[in-house]
Asker: 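Provided herewith is a single structure, encoded as structure tokens, for subsequent inquiry.
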Amino acid sequence: MDNKWLETLQAALDEAEMILVGLGEEWEEKRLFKDDAAFQAGRQYLDENDLTWLIPAWNDYCLTRVDSKAAEALDNLRRFLGEKNYFVISTSASRLIAATPWHEGRLVMPCGTSDKKQCGSDYEKKVMPLTDEEQKKLFCLMEELWKLSEEGTDPDQQAQAGGIDLRDQANKILGTCDVCGRDYRLNTVYTDDYREEGYLTQWNLYTKWLQGTLNRKLLILELGVGLQFSTIIRFPFEKIAFYNQKCRFYRINEKLYQLTPELREKGISVSKNVVDCFAALC
Ligand SMILES: [Zn+2]
């Protein structure tokens with residue numbers, strides 16, 4: 001790998017007083033399984049059966065089936081940031097990102113994560129972490145969906161034939177709210193009635209932290225962020241970089257690496273996959 005950009009990045013990190021890190025969908029490594037027929041069949045089943053709220057869990061599961069270095073790359077990134085004053089924001093709902101031991105309170109995931117569940121009621125605003133047992137059950141459910149998808153078995157026909165009813169299991173898997181009687185769903189943007197309470201406390205810390213960056217030497221790392229949720233990371237980061245006179249901006253992205261003309265002086269764009277970049281870091 002051509003490592004010149006990496007040397008400048010190390011220097012930029014050393015100089016920076018604060019580091020703003022944006023993580024996007026490239027960390028989910030869909031490139032490794034998106035063309036797999038079983039992945040596609042499973043995804044289609046979720047889409048067609050009102051189970052889109054399980055998409056993040058399906059993505060997380062499919063990642064466990066392939067040889068991905070995403071976890072290692074995230075840990076390398078964390079170690080690279082070291083004791084610096086950083087804040088991480090993610091548009092991905094990946095469990096790996098949620099599970100990485102960043103500095104306490106320095107991660108915000110506005111699109112939610114599949115390790116929390118919610119009841120959709122407006123009154124209770126209830127969001128809570130999944131128990132270990134629920135995590136395990138969810139994994140087994142995804143495993144079952146994979147098995148059926150791989151065999152080309154229609155889950156509904158299996159249910160009609162007296163086998164496991166996948167849809168029914170999915171709807172009951174996280175239990176039922178004892179106040180309003182709704183079935184719990186994962187707390188992510190893929191769930192109807194997404195409860196933003198799951199990340200708002202962190203969001204408040206994040207916006208306060210951002211206010212403190214204005215006259216500081218700021219390093220912005222936009223890593224593998226696409227355009228799907230562009231108002232969360234891509235556009236705001238460009239704006240922050242534009243207004244901060246002491247800012248350095250790195251955009252690493254396999255496909256969407258181009259910089260806007262205003263940022264060319266402050267910015268460096270690296271047209272590489274972020275997982276490859278940080279997995280190779282040592
Ligand atoms: Zn409820």
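Small disclaimer: the values here were computed from a predicted structure and weren't measured. All ligand and atom numbering here is 1-based and tracks the order in the structure. In this chain, numbering begins with 1 at the start of the sequence shown.
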Asker: Side-chain heavy atoms under 4.5 angstrom apart, residues restricted to Ile, Leu, Val, Met, Phe, Trp, Tyr: same cluster for Leu145 and Leu51?
Answerer: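 Per the 4.5 Å side-chain linkage, Leu145 and Leu51 are co-clustered.
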Asker: Judged by modelled atom types alone, do Glu25 and Ser92 share a side-chain donor-acceptor pair under 3.5 Å?
Answerer: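 No.
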Asker: Decide, yes or no, whether a salt bridge links Glu17 with Lys217 under the criterion of side-chain N to carboxylate O below 4.0 Å.
Answerer: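 Salt bridge: no.
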Asker: Only pairs under 3.5 Å count here: list side-chain donor-acceptor contacts from residues 53-63, not counting sequence neighbours, and write none if there are none.
Answerer:
from  : atom 1 : to     : atom 2 : distance (Å)
Trp58 : NE1    : Phe39  : O      : 3.2
Asp60 : OD1    : Arg95  : N      : 3.3
Asp60 : OD2    : Ser114 : OG     : 2.6
Tyr61 : OH     : Arg65  : NH1    : 2.9

Asker: Can you name the side-chain hydrogen bond (donor to acceptor under 3.5 Å, both in side chains) partners of Glu151, sequence neighbours left out?
Answerer: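 Result, side-chain hydrogen bond (donor to acceptor under 3.5 Å, both in side chains) vs Glu151: Thr153.
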Asker: Protein N/O/S atoms under 2.8 Å from the Zn ion (ligand 1): how many?
Answerer: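 Excluding waters, the total comes to 5.
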Asker: Apart from Tyr243 itself, what residues make up its hydrophobic cluster, given side-chain heavy atom links below 4.5 Å?
Answerer: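 Its cluster mates, by chain and number, are Phe242.
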